[in-house]
4 protein chains.
Amino acid sequence: MTRTRSEQAAWRREQLLDAALKVFADKGVDGATVKDLAQAAGVTPGLLYRYFDSKEAMVETLLSERGFLPRLRELLTARHDPRPAKEVLTELLEAFDRLLVSHADLMAVFFSAAQARAPLAKLVNEGQRLIGDFLAERVAAGELRAHDTGTAAKTLFATVAVNRRMGSPIDIAALVGLLFPEEG
Amino acid sequence: MTRTRSEQAAWRREQLLDAALKVFADKGVDGATVKDLAQAAGVTPGLLYRYFDSKEAMVETLLSERGFLPRLRELLTARHDPRPAKEVLTELLEAFDRLLVSHADLMAVFFSAAQARAPLAKLVNEGQRLIGDFLAERVAAGELRAHDTGTAAKTLFATVAVNRRMGSPIDIAALVGLLFPEEG
Amino acid sequence: MTRTRSEQAAWRREQLLDAALKVFADKGVDGATVKDLAQAAGVTPGLLYRYFDSKEAMVETLLSERGFLPRLRELLTARHDPRPAKEVLTELLEAFDRLLVSHADLMAVFFSAAQARAPLAKLVNEGQRLIGDFLAERVAAGELRAHDTGTAAKTLFATVAVNRRMGSPIDIAALVGLLFPEEG
Amino acid sequence: MTRTRSEQAAWRREQLLDAALKVFADKGVDGATVKDLAQAAGVTPGLLYRYFDSKEAMVETLLSERGFLPRLRELLTARHDPRPAKEVLTELLEAFDRLLVSHADLMAVFFSAAQARAPLAKLVNEGQRLIGDFLAERVAAGELRAHDTGTAAKTLFATVAVNRRMGSPIDIAALVGLLFPEEG
DNA sequence: CATGAATGAGAATTCATTCAT
DNA sequence: CATGAATGAATTCTCATTCAT
């Protein structure tokens with residue numbers, strides 16, 4: 001149970017970020033005070049400043065260290081799957097949806113923090129691009145009918161994301177069936 | 001050119017709301033100070049309190065008085081249109097998109113203010129319901145194939161809204177064509 | 001007893017500076033807290049910020065607005081006096097000494113504030129130069145023996161200033177008699 | 001190369017004081033943080049508290065242990081010198097001036113620390129007294145003309161000290177020549 | 001109706017100091 | 001002996017709000 005000094009420091013840093021993520025998600029970045037953050041972590045406000053330069057620095061750290069862009073990339077690049085397009089696409093969007101669920105707090109921060117605008121835009125762009133690439137590939141392979149893959153990607157991505165965010169998640173199989181009814 | 005007392009009061013009230021909407025959209029609700037709001041309206045902070053109880057009250061007023069739910073309802077209830085479903089749907093979504101454009105400032109407030117969560121959810125729900133109703137009607141009329149009209153409505157609404165919000169508006173005709181390719 | 005708005009503002013500004021001068025002199029610039037300054041003026045800390053940008057700005061204002069360089073210049077430029085040099089010189093140094101007494105608080109600020117280094121150096125330089133000019137003039141007029149007027153000026157200025165500052169003021173007539181014993 | 005425990009302790013103590021003196025002189029006592037002091041000594045803040053009770057205690061230690069009053073006394077008591085008064089006096093003031101130069105850091109602390117007021121006053125008083133005694137002795141011996149030796153001592157001491165402090169050191173020979181022109 | 005001086009509560013941040021390791 | 005994580009009290013400054021004019 002005893003920790004070395006540097007272990008303790010690393011652990012505390014993560015603990016502070018964990019607590020901050022929850023508080024930011026709950027109250028918004030502006031709404032959360034440094035006192036709130038400290039209390040949530042069970043420490044005094046001063047300690048935060050041993051680990052981070054400022055409250056804003058904590059937000060930025062969360063956005064960069066806890067961002068799920070790498071994981072999103074990983075998921076959506078699983079395209080050379082031999083299974084039918086609709087099956088793969090459904091699985092892919094479901095994984096994306098699960099990613100959103102497991103990062104619900106971070107999503108809340110994305111929507112409350114001014115600093116999060118750019119990272120969010122990047123996330124959206126890349127997500128749409130990766131889905132678009134997948135669709136284009138399957139169209140090229142003759143598996144899906146020719147269609148506007150860019151629009152389709154935007155549609156799929158936005159629909160999953162918005163409905164998850166609004167707390168009324170969508171039926172992903174139905175969504176895929178809607179866009180590609182006769183296929184597969 | 002002279003105004004009666006109550007005309008003057010009404011005019012000033014609107015002027016304060018106009019200014020506040022811009023400032024809130026620009027700096028976020030928490031980021032905007034009462035001084036900012038007053039300056040933008042060319043008055044002193046004290047005056048705001050003759051017209052509104054608090055800064056938060058201004059936000060709530062904007063959300064309720066400037067909310068476009070009534071207008072949205074009006075638009076999306078234009079369903080007894082004799083024209084083909086796809087044509088009407090396209091026009092309807094385009095009107096919705098224009099509505100978002102003309103209320104861009106308010107949309108920003110929706111995303112920055114904690115108080116805006118509930119009104120936003122209401123807006124989304126009602127929008128989706130109205131589109132769903134329209135689709136169901138046309139399916140019932142045999143004009144559109146049978147499909148999950150709820151999912152379709154969520155899809156259409158989310159796609160238009162998200163992409164407008166992200167600053168990369170979608171091609172609505174393409175979107176409609178994507179969902180109802182062979183029809184119409 | 002009633003004051004107009006702008007009179008009140010001007011009066012309050014001066015009152016805050018008066019209070020600050022005393023507190024700074026008493027506790028030093030770093031030792032004085034904004035709370036101290038406000039309490040001394042009988043107001044709340046926030047009010048200081050309506051009149052000054054920061055605590056440091058108050059110091060700077062004191063240094064520039066309450067500085068006595070102009071008055072010093074005036075005093076020490078009274079050189080075309082027809083009376084004997086020693087008489088004029090004595091009177092001049094006594095006036096300088098009185099100036100120091102009446103600005104004792106400000107002198108304390110000069111010694112406690114980092115920002116005061118440059119203004120203090122300027123004060124000293126100019127004081128020494130003006131006295132030196134006076135002496136040189138009287139030497140040229142044959143009234144005082146030839147001597148190093150620069151050194152004499154530094155000596156006179158430093159001696160009056162230091163001993164006043166240390167709380168053991170010097171006998172100025174004796175000082176003048178010491179430097180110019182047989183003359184006059 | 002190995003040190004005994006107490007040697008090591010003594011050495012570390014001096015090292016901490018050396019570092020503190022520089023930092024205090026540079027940033028002022030209030031401006032210097034304990035972290036600054038520790039960093040300058042290449043140790044951690046906690047260690048300072050093994051050697052000193054507080055930051056203020058370090059200032060007091062510097063003022064008492066590094067004070068140059070003993071050395072000043074030594075210098076200025078060199079009065080039974082058989083050489084001419086002016087020669088001895090010049091040498092004496094030059095030694096005093098050098099003392100100030102070599103303790104420039106400490107002088108800065110004298111001017112920045114509230115606690116230093118009393119020690120400084122003591123230094124000045126004693127310095128003036130010792131020079132006064134020397135002058136009185138030489139007057140008694142008939143070597144210098146009768147004059148106000150107290151005023152002369154104050155003059156000499158203040159002039160050397162102020163001008164050194166202001167960064168424009170005085171020509172000491174000229175100063176002595178000014179006060180005792182025809183003598184010696 | 002409108003002003004702007006003044007308040008009071010609280011925000012972020014700093015820092016001397018302690019203490020378990 | 002030495003570290004550095006943690007504290008707690010203070011500090012500067014901000015800002016929504018009130019109210020006499």
Side-chain angles (χ1 to χ4, degrees), chain A residues 2-9 11-13 30-38 41-58, chain B residues 3 5-6 8-9 12 30-38 41-58, chain C residues 2-6 8-9 11-13 30-38 41-58, chain D residues 3 5 8-9 12 30-38 41-58:
Chain A
T2 50
R3 273 188 278 259
T4 69
R5 277 285 175 75
S6 77
E7 274 170 0
Q8 159 70 10
W11 173 84
R12 177 51 45 101
R13 199 187 118 96
D30 287 326
T33 69
V34 172
K35 205 178 164 192
D36 290 335
L37 299 174
V43 299
T44 48
L47 189 61
L48 298 186
Y49 291 87
R50 271 195 77 72
Y51 292 90
F52 304 97
D53 283 344
S54 66
K55 190 175 95 166
E56 297 307 299
M58 294 192 82
Chain B
R3 275 187 277 258
R5 276 286 173 79
S6 77
Q8 155 71 10
R12 173 54 43 105
D30 286 320
T33 70
V34 172
K35 203 178 164 192
D36 290 335
L37 299 173
V43 301
T44 50
L47 190 61
L48 297 185
Y49 290 86
R50 291 211 140 264
Y51 292 89
F52 303 95
D53 284 345
S54 66
K55 189 175 100 169
E56 298 307 299
M58 295 191 81
Chain C
T2 51
R3 273 187 277 261
T4 70
R5 277 285 174 76
S6 77
Q8 159 70 9
W11 173 84
R12 176 50 45 102
R13 199 187 119 97
D30 287 325
T33 69
V34 172
K35 203 178 165 190
D36 290 336
L37 298 173
V43 299
T44 49
L47 189 60
L48 298 185
Y49 292 88
R50 270 196 77 75
Y51 291 89
F52 304 96
D53 283 344
S54 65
K55 190 175 95 166
E56 297 307 300
M58 294 193 81
Chain D
R3 275 187 276 258
R5 278 283 174 80
Q8 155 70 8
R12 172 56 40 106
D30 286 319
T33 71
V34 172
K35 203 177 164 191
D36 291 335
L37 298 174
V43 299
T44 51
L47 190 61
L48 297 185
Y49 290 85
R50 291 209 140 265
Y51 292 89
F52 304 95
D53 284 346
S54 67
K55 189 175 100 168
E56 297 308 298
M58 294 192 81

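Note: hydrogens, waters and symmetry copies are ignored here, and every other heavy atom, side chains too, is used.
Heavy-atom nearest nucleotides on DNA chain E were determined for W11(C) and for T33(A), and the one closer to the 5' end corresponds to W11(C). Residues D53(B) and K55(C) each lie close to DNA chain F; by heavy-atom proximity, the contact nearer the 5' end of the strand is made by K55(C). The nearest heavy atom of DNA chain E to S54(A) and to V43(B) marks one nucleotide each, and the one closer to the 5' end goes with V43(B).
The CG atom of D30(C) sits 9 Å away from the P atom of dT12(F) (whole-angstrom rounding). Distance, R50(B) CZ to dG4(E) P: 15 Å, rounded to whole Å. Remark: P of dA2(F) and OH of Y51(D) are 5 Å apart, rounded to the nearest angstrom. One atom, NZ of K35(B), and another, P of dT18(F), lie 19 Å apart when rounded to the nearest Å. The separation between L37(B) atom CG and dA16(F) atom P is 8 Å, rounded to whole Å. Whole-Å rounding puts the R12(A) CZ to dT7(F) C1' distance at 12 Å. As a whole-Å value, the separation of L47(A) CG from dT18(E) C1' is 14 Å. The CG atom of D36(C) sits 12 Å away from the P atom of dA10(F) (whole-angstrom rounding).
dT21(E) is paired with dA2(F) under the Watson-Crick or G-U wobble criterion, all donor-acceptor distances under 3.5 Å. dT13(E) and dA10(F) make up a base pair, with Watson-Crick or G-U wobble contacts both under 3.5 Å. The partner of dT7(E) is dA16(F), judged by Watson-Crick or G-U wobble contacts that both fall below 3.5 Å.
Using a 4.0 Å heavy-atom cutoff across all strands shown, A32(C) reaches sugar-phosphate atoms only and no base atom.
The two residues P45(B) and A38(B) make their nearest non-hydrogen contact at N-CB, 3.5 Å. For the residue pair D53(C) and A57(C), the shortest heavy atom distance occurs at N-CB, 4.0 Å. Between D30(B) and G31(A), the shortest heavy-atom contact is OD2-N, 4.0 Å.
The listed nucleotides are dT13(E), dT12(F), dT3(F); the one nearest the side chain of V34(A) is dT13(E). Of the listed nucleotides (dA6(E), dT13(E), dT17(E)), dT13(E) has the atom at the smallest distance from the side chain of P45(A). For Y49(C), whose side chain is taken as the heavy atoms from C-beta onward, the closest listed nucleotide among dA5(E), dT14(F), dA2(E) is dT14(F). Among the nucleotides dT17(F), dG4(F), dC13(F), the one closest to any side-chain atom of T44(D) is dG4(F).
Taking only side-chain nitrogens and oxygens, Q8(B) comes nearer than 4.0 Å to OP1 or OP2 of dA2(E).
Taken from OG1 in T33(C) to NZ in K55(C), the straight-line distance is 7.0 Å, to the nearest 0.5 Å. The line from NZ of K35(C) to CG of L48(C) is 13.0 Å long, rounded to the nearest 0.5 Å.
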